[in-house]
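What follows is a short report on a single structure.
We count ligands from 1, going down the list as the structure has it; atoms in each ligand are counted the same way. Atoms considered below: every heavy atom in the structure, side chains included; atoms not considered: hydrogens, waters and symmetry mates. FYI, the numbering just counts along the sequence from 1.
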Amino acid sequence: MSTTKLKISDEEWRTRLSPDRFHILREKGTERPFTGKLLHNKEKGTYHCAGCGLELFSSDSKFGSGSGWPSFFQAVVRDNIRTREDKSFGMVRTEIMCAKCGGHLGHVFDDGPEPTGLRYCVNSLSLEFSPG
Ligand code: FE
């Protein structure tokens, strides 16, 4: 899938996304931990951006981090995820965003398991799961 950037106004996003998805993806919100419907999903398949459908993670890289959010140690294609330093809430974290639509996904930390040592901590609401 192409990662040509999508330019969509907030007004248009509001018509495409549910209010809770809009809040997370477009306003960089965070769902409450242990509430996301994909947290305990163990099916084989692919996790796509809930904003634009870009492939982001495979079930093969999902692991139980105990954080309360779906966690992955690797992106399907590294370039499908953009990162940015986030200094909000008095912390320095690395925000992760969909490279195509700019939708906020969550954050990436360097305390993940082998082989990458990374932990992509992602809101369920930022993702759409396709089995298979
Ligand atoms: Fe996207």
Side-chain angles (χ1 to χ4, degrees):
M1 196 181 289
S2 157
T3 51
T4 309
K5 287 208 177 109
L6 283 182
K7 289 227 169 69
I8 296 174
S9 67
D10 274 359
E11 198 176 42
E12 173 68 19
W13 277 121
R14 280 188 197 278
T15 70
R16 296 187 181 203
L17 299 171
S18 64
D20 51 0
R21 285 204 199 273
F22 181 88
H23 176 61
I24 307 278
L25 285 162
R26 309 313 309 178
E27 300 180 320
K28 304 190 188 299
T30 302
E31 70 197 10
R32 281 181 299 120
F34 301 103
T35 62
K37 71 176 167 105
L38 295 171
L39 176 60
H40 298 297
N41 183 36
K42 290 190 166 60
E43 269 189 87
K44 287 266 176 218
T46 306
Y47 294 83
H48 297 259
C49 171
C52 71
L54 188 66
E55 259 188 80
L56 298 175
F57 301 102
S58 159
S59 55
D60 295 342
S61 67
K62 193 171 191 281
F63 69 101
S65 68
S67 67
W69 293 277
S71 301
F72 304 86
F73 59 78
Q74 190 166 44
V76 167
V77 177
R78 204 182 55 177
D79 286 353
N80 285 4
I81 294 184
R82 206 146 51 82
T83 60
R84 184 185 73 93
E85 187 175 86
D86 174 10
K87 290 186 172 169
S88 64
F89 301 106
M91 294 176 270
V92 181
R93 294 176 296 170
T94 304
E95 181 191 356
I96 49 176
M97 286 166 289
C98 170
K100 185 166 181 174
C101 73
H104 173 76
L105 304 172
H107 293 86
V108 62
F109 302 91
D110 59 8
D111 57 6
E114 294 299 320
T116 61
L118 296 174
R119 171 170 61 96
Y120 291 87
C121 187
V122 189
N123 292 285
S124 277
L125 284 165
S126 300
L127 300 172
E128 198 79 75
F129 178 71
S130 344

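If you count the protein N, O or S atoms nearer to the Fe ion (ligand 1) than 2.8 Å, you get 4.
Residues passing the side-chain contact (heavy atoms from CB on, under 4.5 Å) test with Phe63, sequence neighbours excluded: Ser65, Ser71, Phe73, Pro113, Arg119.
Among Glu128, Glu55, Lys62, the one residue that satisfies the side-chain contact (heavy atoms from CB on, under 4.5 Å) test with Tyr47 is Lys62.
Annotation: side chain of Cys49 is not in contact with side chain of Met97 (no heavy-atom distance under 4.5 Å). At a threshold of 4.5 Å between non-hydrogen side-chain atoms, the residues Ser124 and Trp69 do not count as touching.
Ring orientation note: the planes of His107 and Phe109 are tilted relative to one another, at an angle of 30° to 60°.
Between Cys98 atom SG and Ile81 atom CD1 the span is 8.0 Å, to the nearest 0.5 Å.
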